[in-house]
Student: 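Before I ask anything, let me first share the structure, which is written out below as structure tokens.
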Amino acid sequence: MNEALLPDDAYDAKLLANVRPPDWTNPRPAPSYNLVVLGGGTAGLVTAAGAAALGAKVALVEKNLLGGDCLTVGCVPSKALLRTARFYSDLHHAPRFTGHAPVPTDVNFAAAMERMRRLRAYVSHHDSAHRFRSLGVDVFLGEAAFVDRRTVEVAGATLKFKKAVIATGSRAARPPIEGLEEVGYLTNETVFNLTARPRRLLVIGGGPLGCELAQAFARLGCDVIIANREPYFLPDEERDAADILADSLRRDGIDVRLNTEARSVTRGDGEKLVRLINDGAEATVAVDEILAGAGRVPNVEGLDLDAAGVEYDLEHGVRVNDYLRTTNRRIYAAGDVALERKFTHMADATARIVIQNALFWGRKKLGSLTIPWCTYTDPEIAHVGVYVKDARERGFPIKTFTVPMSDVDRAVLDGEEEGFVKIHVREGTDTILGATIVARHAGEMINEISLAMVAGIGLKTVSQVIHSYPTQAEAIRKAGDAYNRTRLSPFLKALSSRWLAWSR
Ligand SMILES: Cc1cc2nc3c(=O)[nH]c(=O)nc-3n(C[C@H](O)[C@H](O)[C@H](O)COP(=O)(O)OP(=O)(O)OC[C@H]3O[C@@H](n4cnc5c(N)ncnc54)[C@H](O)[C@@H]3O)c2cc1C
């Protein structure tokens, strides 16, 4: 049972009935499995379902809740909350549309959390134990550990395998802040349990998780401080994208503290006192709750990976090669436990690679994937391929075409003109190497660029694709138009002008 869930809630009861049925009995193990999957998050579920569909005898072992982080304490609850938060933000900005003075709106925090639990329970049937049994997968609930190079044990059962996949995911890193453990704090594993709004919230960490939840809780009426050790949010992203995000968080009333480290926490009179250091200057803030969103660590402990001959380290997780094979040739790994980029779509994509490589002599490579990602703040920040800094470091020349969203009619009409589309091509060609999009729907828009990159479609062809008017994705076509304009050399332009002058 996951202590992170509230047991007396009807929605959580429905969730549990799907992803950890209270009356579940593990099956009798088969004499041998084609594939034993350790961990029933996205990576494990996709591997198990795909392998079973191809006729493999598969065992899936989950120690907690099927669906893993994404369903219970990650993507699903966070995006449900962000949607409600956006609704309240739109209400707040109603005067821009109505011309009336703002109508005071009380945020119903408990209802926002209940909506999230209802929707989470609703989508959980995809990951249900009964569904996976009906797909032909032997589902074992219990903690898996290797016994030797070909055997896994779970809840007293012995599972012999031809191949195995480690898909045990990751968890929130415990920040080394003096006094934090004693005073108590929230992580993604507990924050979605809240039913009452913390009046004052400190978010530690300025990555995607910290920024998304800081904005959500601010819009749901909390006084939020976000402390980020780095000088920018989302340190991997382009600087101008991070700047837009910082401004947006400030506009939501968040107290943004960059270059700021939380050093120690003590308990005050019904509050938590956090000592923050900014460029050597010290300040103490008083809050009701602290949310730690500073990094993830892989779940490698307790699996007895040494018995299986699988190399790993506590920071980077299971060591895999480009085929996702571990140091034991029978064992593969997929998802957060082995990847630097910890996303659900990466867990899914690597599970598909593993099915081919483990069961069918496939030679699919992790390095061949084109991987987009998105931070679902408002505006969203999405990226695929190279960054400008990558190109500089690796010394290949690129040309960048940027279209501000304020030049895109639909964005203006929607009142969502903050942001840009920036597409990088290899200099002298129209080959797309990467893109960053900052826009309210950047996560949807980036998929067009990923498609172009995977299919080898150049920016010139993108400009020939008719985009419905008015859509925000027209920004992408406009970047293509900008590329086309660079192809018109002064000589060609002069020639064309002459021809047109002659023919009038
Ligand atoms: C707040 C938050 C928001 C996020 N939002 C997004 C988003 O919007 N988009 C996105 O792409 N990604 C998002 N992510 C990341 C995403 O949730 C993960 O990348 C994804 O869940 C990884 O899937 P996985 O299968 O590798 O691991 P997990 O989902 O962690 O699943 C691993 C499973 O293995 C089980 N397990 C562990 N040890 C054992 C054992 N010994 N025996 C049996 N079972 C075991 C665990 O209980 C768990 O169920 C978010 C993450 C967080 C925390």
Side-chain angles (χ1 to χ4, degrees), residues 1-2 4 19-20 26 36-48 59-83 116 127 129 139-146 152-155 159 164-173 186-192 203 205 207-214 216-217 291-305 308 317-318 324 333-351 354 371-377 380-382 443 446:
M1 181 82 59
N2 185 351
V19 297
R20 193 167 183 98
N26 285 340
V36 168
V37 182
L38 293 85
T42 304
L45 292 173
V46 173
T47 314
L60 171 67
V61 188
E62 169 54 50
K63 77 167 179 185
N64 195 358
L65 306 183
L66 290 164
D69 277 12
C70 179
L71 174 67
T72 45
V73 293
C75 331
V76 169
S78 61
K79 270 72 234 176
L81 272 192
L82 281 167
R83 180 64 187 89
M116 175 274 290
D127 301 345
V139 178
F140 292 84
L141 297 183
E143 184 161 0
F146 287 97
V152 162
E153 225 170 47
V154 50
L159 312 179
V165 184
I166 303 166
T168 49
S170 64
R171 62 184 185 279
L186 299 166
T187 66
N188 70 296
E189 279 147 37
T190 46
V191 71
F192 301 111
V203 177
L209 188 155
C211 292
E212 287 181 8
L213 291 182
F217 279 90
L291 171 64
R296 311 278 304 163
V297 287
N299 293 326
V300 286
E301 299 87 349
L303 290 165
D304 212 345
L305 293 173
V318 172
L324 294 172
D336 280 12
V337 73
L339 301 179
E340 188 195 339
R341 299 280 178 202
K342 299 190 191 324
F343 300 113
T344 292
H345 47 278
M346 281 303 287
D348 182 304
T350 50
V354 163
I371 308 158
W373 52 81
C374 184
T375 299
Y376 296 91
T377 43
E380 297 178 350
I381 298 182
I446 201 74

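Whatever order the structure lists ligands and atoms in, that order sets their numbers, starting from 1. Because the structure is a prediction, the values reported are computed rather than measured.
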Student: Among all protein heavy atoms in this structure, tell me which lies nearest to atom 16 (C) of ligand 1, with the distance rounded to 0.1 Å.
Tutor: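 Minimum-distance protein heavy atom for atom 16 (C) of ligand 1 reads T344 OG1, 3.3 Å.
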
Student: Which residue owns the protein heavy atom closest to atom 29 (O) of ligand 1, what's the atom, and how far is it?
Tutor: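 Answer for atom 29 (O) of ligand 1: D69 N, 2.9 Å.
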
Student: Could you tell me which atoms of ligand 1, counted from 1 in the order shown, lie closer than 4.0 angstrom to a heavy atom of L65?
Tutor: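 Matching atoms, with element in brackets: 49 (O).
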
Student: Checking a contact table here: which protein heavy atom is nearest atom 8 (O) of ligand 1, and how many Å away?
Tutor: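 Result for atom 8 (O) of ligand 1: K79 NZ, 2.8 Å.
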
Student: Determine the minimum heavy-atom distance between A172 and V297, stating which atoms define it.
Tutor: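 That closest heavy-atom pairing would be O-CG2, 4.2 Å.
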
Student: Give the residue and atom name of whichever protein heavy atom lies nearest to atom 51 (C) of ligand 1, and the separation in Å to one decimal.
Tutor: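 The closest one turns out to be G74 CA, 4.0 Å.
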
Student: Check each atom of ligand 1 against the heavy atoms of G335 and keep those under 4.0 Å away; list them by number with element.
Tutor: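 Going through ligand 1 atom by atom, the ones under 4.0 Å from G335 are 26 (O).
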
Student: Closer than 4.0 angstrom: is that true for some heavy atom of A172 and an atom of ligand 1?
Tutor: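 No, A172 has no heavy atoms under 4.0 Å from ligand 1.
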
Student: Could you list which atoms of ligand 1 come closer than 4.0 Å to a heavy atom of H345?
Tutor: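 Every atom of ligand 1 under 4.0 Å from some heavy atom of H345: 11 (O).
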
Student: Closest approach of A43 and A351, non-hydrogen atoms and distance?
Tutor: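 For A43 and A351, the tightest heavy-atom pair comes out as O-CB, 3.4 Å.
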
Student: Look at atom 19 (O) of ligand 1 and say which protein heavy atom is nearest, naming residue and atom and giving the distance to 0.1 Å.
Tutor: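 Nearest protein contact, heavy atoms only, for atom 19 (O) of ligand 1 is D336 OD1, 2.8 Å.
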
Student: Among protein heavy atoms, which lies nearest atom 21 (O) of ligand 1, and at what distance?
Tutor: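 Ranked first by proximity to atom 21 (O) of ligand 1 is C70 N, 3.4 Å.
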
Student: What is the minimum heavy-atom distance between G443 and C374, and which atoms define it?
Tutor: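 Residues G443 and C374, closest heavy atoms: CA-SG, 3.6 Å.
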
Student: Might you point out which heavy atoms bring I446 and P372 nearest each other, and give the distance in Å?
Tutor: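 Heavy-atom minimum between the residues: CG2-CB, 4.1 Å.
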
Student: With no hydrogens and no angle check, is any side-chain donor or acceptor of E143 less than 3.5 Å from a backbone partner on K63?
Tutor: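 Between the backbone of K63 and the side chain of E143 there is no qualifying donor-acceptor contact (under 3.5 Å).
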
Student: Which atoms from ligand 1 have a heavy atom of E143 less than 4.0 Å away?
Tutor: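 What qualifies from ligand 1 is 41 (N), 42 (N).
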
Student: Quick one: does N188's side chain have a donor or acceptor within less than 3.5 Å of a partner on G74's backbone?
Tutor: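 Answer holds: no.
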
Student: When you measure from the side chain of T190 to the backbone of L186, do you find a donor-acceptor pair of N or O atoms at a distance under 3.5 Å?
Tutor: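 Such a contact is absent between T190 side chain and L186 backbone.
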
Student: Closest non-hydrogen protein atom to atom 43 (C) of ligand 1, residue and atom name please, with distance?
Tutor: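 The closest heavy atom on the protein side is K63 N, 3.3 Å.
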
Student: Would V73 count as a contact of ligand 1 if the rule is a heavy atom under 4.0 Å away?
Tutor: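 Yes, that is the case, since the closest heavy atom of the residue is under 4.0 Å from the ligand.
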
Student: Determine, step by step, whether F140 and V36 satisfy the side-chain contact (heavy atoms from CB on, under 4.5 Å) criterion, reporting the C-alpha distance in whole Å, the side-chain angles of both residues, the deciding distance to 0.1 Å, and the verdict.
Tutor: CA-CA 10 Å; F140 292 84; V36 168; over 6 Å; no

Student: Under 4.0 Å from a heavy atom of T42: which atoms of ligand 1 are those, numbered in the order shown and with their elements?
Tutor: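 In order of number, 25 (O).
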
Student: For ligand 1, is there an N or O atom under 3.5 Å from any N or O atom of L213?
Tutor: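 No - when backbone and side-chain N and O of L213 are compared with those of ligand 1, no distance drops under 3.5 Å.
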
Student: Numbering the atoms of ligand 1 from 1, which are under 4.0 Å from a heavy atom of R296?
Tutor: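 By the 4.0 Å cutoff, the relevant atoms are 53 (C).
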
Student: Please state which protein non-hydrogen atom is closest to atom 47 (O) of ligand 1 and give its distance, to 0.1 Å?
Tutor: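 For this ligand atom, the closest protein heavy atom is E62 OE2, 2.6 Å.
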
Student: Considering the heavy atoms of S78, write down every atom of ligand 1 situated less than 4.0 Å from one of them.
Tutor: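 With S78 as reference, the close atoms of ligand 1 come out as 3 (C).
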
Student: With respect to atom 42 (N) of ligand 1, which of A144, S170, G39, G207 exhibits the smallest heavy-atom separation?
Tutor: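 It is A144 that holds the nearest heavy atom.
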
Student: Is there at least one pair of N or O atoms, one from A43 and one from ligand 1, spaced under 3.5 Å apart?
Tutor: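 Yes, at least one N or O pair falls under 3.5 Å.
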
Student: Does the side chain of S170 come under 3.5 Å of the side chain of D336 through a donor N or O and an acceptor N or O?
Tutor: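 Yes, a side-chain donor-acceptor pair sits under 3.5 Å.
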
Student: Salt bridge between K342 and D69, side-chain N to carboxylate O under 4.0 Å?
Tutor: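 A salt bridge is absent here (no side-chain N lies under 4.0 Å from a carboxylate O).
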
Student: Does ligand 1 have any atom that is closer than 4.0 Å to a heavy atom of L38?
Tutor: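 In this structure, L38 fails to qualify as a contact of ligand 1 - no heavy atom is under 4.0 Å.
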
Student: Identify, by atom number and element, the atoms of ligand 1 in contact range of Y376, meaning under 4.0 Å from any of its heavy atoms.
Tutor: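 Answer for ligand 1: 8 (O).
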
Student: For the residue pair E212 and Y376, what are the closest heavy atoms and their distance?
Tutor: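 Result for this residue pair: OE2-N, 2.8 Å.
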
Student: For T377, is there any backbone N or O sitting under 3.5 Å from a side-chain donor or acceptor partner on T375?
Tutor: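 Between the backbone of T377 and the side chain of T375 there is no qualifying donor-acceptor contact (under 3.5 Å).
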
Student: Is the closest heavy atom of E212 to ligand 1 under 4.0 Å?
Tutor: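 The answer is no: ligand 1 sits nowhere under 4.0 Å from a heavy atom of E212.
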
Student: Select the closest option to atom 53 (C) of ligand 1 among T47, N188, L71, judged by heavy-atom distance.
Tutor: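 That would be N188.
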
Student: Hey, mind stepping through L38 and L303 against side-chain contact (heavy atoms from CB on, under 4.5 Å) and telling me if it holds?
Tutor: CA-CA 9 Å; L38 293 85; L303 290 165; 3.9 Å; yes

Student: Hey, is W373 touching ligand 1 through its side chain, its backbone, both or neither, going by heavy atoms under 4.0 Å?
Tutor: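 No part of W373 is near ligand 1 at this cut-off.
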
Student: Could you pull out the closest heavy-atom pair between V61 and G142, with the gap in Å?
Tutor: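 Looking at all heavy atoms of both residues, the shortest contact is CG1-O, 3.3 Å.
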
Student: Is there a side-chain hydrogen bond (donor to acceptor under 3.5 Å, both in side chains) between N299 and R171 once you walk through the steps?
Tutor: CA-CA 7 Å; N299 293 326; R171 62 184 185 279; 2.9 Å; yes

Student: Can you check which of P77, G68, C75, A167 brings a heavy atom nearest to atom 32 (C) of ligand 1?
Tutor: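 It is A167 that holds the nearest heavy atom.
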
